[in-house]
Asker: 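Structure below; questions to follow.
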Protein chains: 2
Amino acid sequence: MNYGIVLKVLGIILLIESFLMVPSYIISVFTKGNDASAFLFTILLTALIGVVLASRKKVHHRIIARDGFAIVTLGWIFASILGALPLYLAGNTTTYIDALFEIVSGFTTTGSTILANVEILPRGTLFWRSFTHWIGGMGILVFTLALLPSFGIQGFQIFKAESPGPVAGKIAPRIKDTAKILYVTYIIITLIQVILLLMGGMNLFDSFVFTFGTVGTGGFAPYNSSVGAYPSTYIHLVIGTFMILSGVNFSLYYMGYRGKIRDVFKDEELRLYLIIIVLAVLAIALNLFFTNYDSMGLALRDAYFQVSSIMTTTGYATVDFDLWPSFSKGILLLLMFTGASAGSTAGGMKVIRILVMLKMIKREVGKSFHPRAMMPIKVNGRIMQNETVSGIVSFMALYLFIFVVSSLLIMLEGVNIESAIASVAATLGNIGPGLDFAGPTRNFVYYSQPAKFLFTILMLLGRLELFTVISLIAPRSWRRDV
Amino acid sequence: MNYGIVLKVLGIILLIESFLMVPSYIISVFTKGNDASAFLFTILLTALIGVVLASRKKVHHRIIARDGFAIVTLGWIFASILGALPLYLAGNTTTYIDALFEIVSGFTTTGSTILANVEILPRGTLFWRSFTHWIGGMGILVFTLALLPSFGIQGFQIFKAESPGPVAGKIAPRIKDTAKILYVTYIIITLIQVILLLMGGMNLFDSFVFTFGTVGTGGFAPYNSSVGAYPSTYIHLVIGTFMILSGVNFSLYYMGYRGKIRDVFKDEELRLYLIIIVLAVLAIALNLFFTNYDSMGLALRDAYFQVSSIMTTTGYATVDFDLWPSFSKGILLLLMFTGASAGSTAGGMKVIRILVMLKMIKREVGKSFHPRAMMPIKVNGRIMQNETVSGIVSFMALYLFIFVVSSLLIMLEGVNIESAIASVAATLGNIGPGLDFAGPTRNFVYYSQPAKFLFTILMLLGRLELFTVISLIAPRSWRRDV
């Protein structure tokens with residue numbers, strides 16, 4: 001590993017993080033929260049470590065794939081370790097592991113909480129945990145890339161390692177420009193949602209906090225009843241729709257901005273994503289209408305919100321869907337695994353991977369008739385390389401493997417099979433609230449400390465898409481290059 | 001499709017089936033069962049249809065892959081439709097769908113039952129349903145191939161379509177000899193188990209019936225409490241061990257018979273199969289010892305039996321494992337998916353496919369360091385063709401897809417998610433008793449008729465490994481060739 005450049009970039013990330021904590025500190029000071037000094041201390045500590053690391057001179061700039069993985073994984077881990085301090089130091093969590101769980105849940109846009117009652121948290125802390133969704137959604141490294149002088153070709157390794165999905169799309173020739181375009185799009189969508197929520201009568205603080213949770217597809221809310229605290233159908237529709245918008249590959253917005261609207265809607269991943277949403281909403285609404293609901297309109301509204309929330313792995317809830325019939329719950333459980341699009345802020349396996357798997361099934365059926373035919377897998381009219389296809393397959397296999405082993409470990413906690421499966425799916429897929437034990441109205445507070453630590457690791461594995469993290473486990477990653 | 005040869009072979013299969021029903025008829029006559037005339041009628045009807053179809057002359061012998069698929073799928077469907085008649089005609093099931101479910105459960109070696117009380121069944125019927133396990137375990141087509149004059153190269157298509165697992169292994173150059181060797185091995189293993197059970201004090205009828213269920217990895221028992229009706233540890237160990245032996249690729253026995261013992265134990269699938277069994281038994285025994293059990297010895301005994309039973313997809317039970325802690329139940333649920341070896345009588349996904357998936361994960365981790373390295377997947381020292389690997393992947397994807405869609409449909413019955421998942425896993429994987437609702441002491445009797453029909457289809461899809469059946473759905477399969 002090229003330690004020089006890795007440590008230098010880590011320093012820059014921490015410097016940026018310390019600046020990003022300032023708004024929370026200001027809110028804390030103005031609202032006279034008990035967390036003001038905790039924020040100030042953390043900001044200074046983070047900045048100090050950042051300065052020390054970033055001021056290294058004479059670093060050797062050539063980095064390879066594994067350095068990119070190291071920068072991203074370590075960057076996320078360090079940012080989480082320091083970002084968790086304000087919660088713990090101000091006494092808003094009992095243990096440091098709890099604080100770490102909460103902040104990793106924030107950065108990874110999971111949205112699961114170990115807090116039994118979020119409404120007693122000071123405003124600065126409420127703002128910070130939701131702001132971590134926003135930062136983590138588009139990626140702290142992508143943010144760094146947009147600000148820093150160009151890393152040249154090496155920047156792509158970092159970008160690729162942090163981007164969700166099997167293929168990282170460069171929009172502009174320079175990775176720095178790609179990062180800038182992505183963040184500008186992200187900021188515009190964020191501001192539009194804030195304005196729409198304000199128009200619906202939501203106050204400024206809540207509008208920002210809910211918007212961070214929505215566009216980052218995170219799910220932290222300032223109320224125990226999540227979005228259910230606002231009974232307004234308008235608010236449900238705005239948040240529901242912006243969750244779906246945040247589950248779209250962000251490069252498609254830039255494509256649309258440049259006038260290629262028809263190409264946008266030809267995108268196969270987008271199509272499948274929208275088709276799944278429509279089918280899931282209809283199936284659940286009908287199921288609800290024939291069981292728990294009297295009004296088809298209300299059934300559609302609630303189905304729409306919950307499907308958007310779970311499929312984009314946000315985790316907001318307007319109703320306790322744990323009381324819904326098995327069929328509806330089963331569909332939601334399934335959407336947890338699917339996730340939304342690659343290149344969005346959402347978690348899960350990503351629709352593109354499901355698309356490729358469906359195409360592989362289709363090819364295999366075709367092959368049973370024409371055993372000797374060559375049938376390459378095409379996505380958006382382009383042949384997908386065998387390498388990419390087998391990468392997708394291995395990803396899904398590893399995902400299932402980690403899912404299964406973790407579920408077994410969680411079962412040792414004594415919870416039932418359904419709860420264990422749902423909690424692991426909720427953290428590994430960065431969804432947040434799961435079904436049953438970890439349902440929308442309940443949370444992770446009752447799990448043991450080791451279980452919470454395991455969930456913390458699963459959230460990071462899910463956000464960084466497994467291989468980025470796992471490749472660091474191999475001893476040769478730590479050998480000094482040069 | 002080459003209708004001539006397809007119908008002719010179907011006729012031969014039915015003729016063989018009518019002969020295979022004779023022992024049940026004789027038992028029925030001697031025990032004065034209410035099912036004697038039902039057996040006689042079915043034997044005559046089956047033989048009549050068989051003779052009509054088989055007596056076609058001047059058939060064109062050239063067959064292709066899709067004809068092989070058609071022969072196998074239709075052969076299984078026709079044999080089931082007629083094989084179900086004795087149960088229905090003698091009034092031992094209420095509806096014909098129930099009888100069909102029961103016999104398909106038999107032929108596919110699933111072992112799930114829709115009978116609330118099997119102990120009131122006449123002896124002939126008890127014998128017949130267990131005998132279908134034995135016939136279906138090694139395959140009715142393989143039996144046909146062993147008896148018929150050689151089909152030449154075409155026989156291999158049929159053999160391949162009926163053999164469980166991704167690669168069908170020819171032991172002898174001629175497929176007819178391979179089929180004979182397999183059946184001779186099968187009969188020897190069967191006789192050894194019958195003798196061992198007789199030595200344990202079991203009566204002759206039970207010894208045969210339990211042996212059919214064991215070596216066919218089926219699971220039908222003549223008692224409601226399954227193998228639990230015999231409290232003897234010796235009986236548990238004999239049946240437990242023979243289930244494991246029946247989950248081994250049968251061609252390895254022939255390899256061992258020919259003196260290549262070392263090669264047998266070098267087989268990677270066999271090794272992984274045995275490793276999984278050992279780990280699962282130890283994990284469950286420890287879990288039981290720390291929770292429900294006082295004696296580690298009894299915990300080991302019960303863990304051994306239940307692991308053998310579930311992993312080989314047999315479905316016998318000596319205890320109600322639904323009362324076990326989540327962790328142990330979770331492991332059993334997982335083993336349901338794994339299944340035993342390819343080329344054995346067991347169901348599930350098969351260990352070889354798990355092995356290939358694990359190797360793909362390993363390769364992908366390796367590739368994240370050396371992006372340009374070529375790393376072929378090797379099994380038993382031989383490079384696996386890309387075609388085979390992608391076939392395995394597509395199989396698993398399709399398996400999950402069918403699993404998920406069927407589970408959702410079953411959830412519409414109003415059962416909880418865990419029960420729906422377990423029942424679908426139990427039928428699609430040809431295991432039999434599932435967890436919770438469809439647990440070892442309960443059965444499928446409470447499901448609706450459409451649900452039972454769906455389960456019947458899932459059992460056939462599982463036994464014939466999906467693509468064989470699915471390729472027949474395409475309209476072009478039914479176009480007349482020649």
Side-chain angles (χ1 to χ4, degrees), chain A residues 65-66 69 283 287 291 325-331 333-334 337 357-358 360-369 371 386-387 389-391 393-398 400-401 404 407-422 435-436 466-468 470-471 473-474 476-477, chain B residues 65-66 69 283 287 291 325-331 333-334 337 357-358 360-371 386-387 389-391 393-398 400-401 404 407-422 435-436 467-468 470-471 473-474 476-477:
Chain A
R66 109 175 46 132
F69 292 156
N287 186 228
T291 53
S326 302
F327 178 73
S328 295
K329 282 164 69 179
I331 291 181
L333 186 60
L334 202 59
F337 284 93
M357 295 307 271
L358 291 176
M360 290 191 78
I361 294 175
K362 198 177 147 203
R363 176 172 69 173
E364 202 60 26
V365 173
K367 276 204 176 163
S368 62
F369 298 109
N386 268 334
E387 304 273 296
V389 172
S390 87
V393 167
S394 310
F395 173 86
M396 297 184 85
L398 183 58
L400 282 178
F401 182 77
V404 155
S407 298
L408 286 177
L409 289 174
I410 296 303
M411 283 172 203
L412 283 174
E413 295 269 296
V415 299
N416 67 38
I417 294 184
E418 191 177 330
S419 304
I421 288 178
L435 303 170
D436 198 25
L466 316 179
F467 289 108
T468 303
I470 282 168
S471 63
I473 294 168
R476 59 180 151 179
S477 288
Chain B
R66 113 177 40 134
F69 293 155
N287 186 228
T291 54
S326 300
F327 178 72
S328 295
K329 282 163 69 178
I331 291 181
L333 187 60
L334 202 59
F337 285 93
M357 294 307 270
L358 290 176
M360 289 192 79
I361 294 176
K362 197 177 149 204
R363 176 172 70 172
E364 203 59 26
V365 173
K367 275 206 177 164
S368 62
F369 299 109
H370 305 290
N386 268 334
E387 303 275 294
V389 172
S390 87
V393 168
S394 309
F395 173 86
M396 297 185 86
L398 183 58
L400 282 178
F401 182 78
V404 156
S407 298
L408 286 177
L409 289 174
I410 295 304
M411 284 171 202
L412 283 174
E413 294 269 297
V415 298
N416 67 38
I417 295 183
E418 191 178 331
S419 304
I421 288 178
L435 304 169
D436 198 26
F467 289 108
T468 303
I470 282 169
S471 63
I473 295 168
R476 59 182 150 180
S477 289

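Naming convention: chains lettered A, B, ... in sequence-line order (proteins, then strands); numbering from 1 in each chain. All values below come from the heavy atoms of this structure, side chains included, with hydrogens, waters and symmetry mates left out.
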Asker: Mind checking the CG-CG spacing from B:L333 to A:L408? Nearest 0.5 Å is all I need.
Answerer: 9.0 Å

Asker: Can you tell me which portion of B:I331 sits under 4.5 Å from chain A's heavy atoms? Options are side chain, backbone, both or neither.
Answerer: both

Asker: Please classify the contact between A:I410 and chain B as side chain, backbone, both or neither, with a heavy-atom cut-off of under 4.5 Å.
Answerer: neither

Asker: Calculate, to the nearest 0.5 Å, the distance between atoms CD1 and CD1 belonging to A:I421 and B:I421 respectively.
Answerer: 5.5 Å

Asker: So do B:K329 and A:N416 actually touch side chain to side chain, heavy atoms under 4.5 Å?
Answerer: no

Asker: Answer whether the closest heavy-atom distance between the side chains of B:L400 and A:L400 falls below 4.5 Å.
Answerer: yes

Asker: If you compare all heavy atoms of A:M357 against all heavy atoms of B:A397, which two are closest, and at what distance to 0.1 Å?
Answerer: CE-CB, 3.7 Å

Asker: Once you round to the nearest 0.5 Å, how far does CD1 of B:I361 lie from CZ of A:F395?
Answerer: 11.0 Å

